[in-house]
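Below: one structure, written as structure tokens.
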Amino acid sequence: MTKRIGSITTAAIAWAIASAPCAAAKPAVSITAAHEARETLGELKGLASKAAGNAYQLEIYIRDARLGRDSQMFPLVSLKEDVNKMGKDMASLEARRDSLDPWEQQAIDKVLPLLREAAANAERATVYFNENGTHLWGPEYRSSLDKAYRDSDQIANTLKNYLKFEKAHEQEEHLEATIGGGAK
């Protein structure tokens with residue numbers, strides 16, 4: 001019996017993001033809502049790092065002829081689940097887009113194309129895995145995993161940089177307020 005891995009919900013991710021409700025007017029942003037968005041971006045960063053790690057692990061497994069199909073199943077399923085969760089989190093952020101800070105909107109705009117690519121490449125790897133289970137060293141499979149790794153890693157790094165920038169900005173504002181630099 002051959003084990004198959006389910007399909008990535010790329011279409012579902014695209015639909016959820018495209019159909020996210022948009023507010024007509026920008027509502028007041030509560031501290032909790034701002035914190036939730038930042039927390040979601042942090043979770044996305046963690047998921048992207050994990051997805052990149054799974055894709056990298058799969059690339060290593062391909063090189064070891066002693067490791068068979070079963071050794072690749074868990075990291076591939078995990079990669080798929082991480083990408084799907086990132087898609088759901090991104091759809092949630094998109095649904096609240098009008099209430100997000102400009103830097104959060106910009107982070108989403110930078111990450112969304114990478115996420116779509118990561119999802120497409122994880123899907124290609126999953127399809128290849130299911131259809132070519134005894135030939136998991138093929139260039140198409142390797143290429144899909146490599147691209148999923150690079151896209152996920154870039155998502156993680158992009159979000160890390162945005163979050164670091166915002167933290168530094170908050171510290172600067174706090175210091176200005178503390179030393180009375182708010183009045184210019």
Side-chain angles (χ1 to χ4, degrees), residues 1-18 20 37-94 104-166:
M1 180 173 142
T2 302
K3 295 178 185 175
R4 296 181 62 80
I5 296 177
S7 185
I8 300 242
T9 57
T10 308
I13 291 170
W15 176 84
I17 291 170
R38 218 163 291 164
E39 196 171 286
T40 301
L41 289 170
E43 289 172 10
L44 276 165
K45 178 183 74 102
L47 286 167
S49 292
K50 188 174 168 225
N54 282 315
Y56 183 74
Q57 183 178 19
L58 284 161
E59 289 183 63
I60 291 171
Y61 285 3
I62 291 170
R63 295 182 189 117
D64 190 341
R66 297 171 297 166
L67 298 174
R69 175 184 171 88
D70 289 341
S71 65
Q72 293 184 39
M73 187 166 297
F74 177 76
L76 188 56
V77 167
S78 186
L79 171 63
K80 178 188 86 139
E81 289 171 351
D82 293 340
V83 170
N84 282 336
K85 175 75 169 101
M86 284 191 287
K88 289 175 186 172
D89 287 349
M90 186 63 72
S92 169
L93 288 171
E94 277 290 313
E104 292 167 329
Q105 293 176 8
Q106 188 178 30
I108 290 169
D109 292 342
K110 292 266 187 185
V111 166
L112 192 55
L114 295 168
L115 178 55
R116 287 184 179 129
E117 283 298 312
N121 284 303
E123 174 69 12
R124 280 191 278 281
T126 301
V127 168
Y128 188 93
F129 179 90
N130 287 332
E131 293 175 357
N132 303 287
T134 58
H135 300 89
L136 293 177
W137 58 86
E140 181 183 334
Y141 187 58
R142 284 178 189 247
S143 175
S144 296
L145 292 173
D146 181 57
K147 289 175 184 173
Y149 165 76
R150 284 187 278 132
D151 293 333
S152 297
D153 191 54
Q154 191 170 353
I155 290 169
N157 286 325
T158 299
L159 291 174
K160 178 182 79 172
N161 290 334
Y162 272 100
L163 291 165
K164 279 172 60 174
F165 176 79
E166 179 56 22

Has D153 got a side-chain atom pairing as donor or acceptor with Y149's backbone, closer than 3.5 angstrom?
no
dist Y56:OH -> D146:CG (nearest 0.5 Å) comes out at 11.0 Å
Note to self: Quick check: do L114 and K110 have side-chain heavy atoms less than 4.5 Å from each other?
What the structure shows: no
State, with a plain yes or no, whether a side-chain heavy atom of R116 is found less than 4.5 Å away from one of D151.
-> no
- Message: Regarding Y141 and E131, do their side chains bring together a donor and an acceptor under 3.5 Å, going by distance alone?
- Response: no
- Donor-acceptor pair, side chain of S92 and main chain of K88, under 3.5 angstrom: no
The ring-ring contact (aromatic ring centres under 6.0 Å, His included) partners of Y162 (sequence neighbours excluded) come to none
### Query
Do the non-hydrogen side-chain atoms of E39 and E43 ever get within less than 4.5 Å of each other?
yes
Between L44 and the options T158, V111, L93, the side-chain contact (heavy atoms from CB on, under 4.5 Å) test singles out L93
How about N54 and S78: does a side-chain donor come under 3.5 Å of a side-chain acceptor?
-> yes
Result for side-chain contact (heavy atoms from CB on, under 4.5 Å) between F129 and one of L145, L58, L76 points to L76
Value for CG (L47) from CG (L159), rounded to nearest 0.5 Å, stands at 10.5 Å
When every non-hydrogen atom of S71 is compared with those of P75, the smallest separation belongs to O-CD, 3.4 Å
(Q) Can you confirm whether R142 sits close enough to R63 that some side-chain heavy atom of one is under 4.5 Å from a side-chain heavy atom of the other? (A) yes
What one should report as the nearest heavy-atom pair of A156 and A48 is N-CB, 3.7 Å
In sequence, state the C-alpha distance, the side-chain angles, and the governing distance for R150 and N121, and then conclude on side chain to side chain contact (heavy atoms under 4.5 Å, CB included). CA-CA 10 Å; R150 284 187 278 132; N121 284 303; over 6 Å; no
Rounding to 0.5 Å, atoms NZ (K147) and CZ (R124) come to a distance of 6.0 Å
So NZ of K160 and CG of L163: to nearest 0.5 Å the spacing works out to 10.5 Å
The reported gap from CD in E94 to CG in D109 (rounded to nearest 0.5 angstrom) is 7.0 Å
query = Is it the case that more than 12 heavy atoms not belonging to Y128 sit under 6.0 Å from its OH atom?
reply = yes
d(S144 OG, L79 CG) to nearest 0.5 Å is 10.5 Å
Residues 44-53 vs salt bridge (charged side-chain N to carboxylate O under 4.0 Å, His left out), sequence neighbours excluded, gives K50-D82
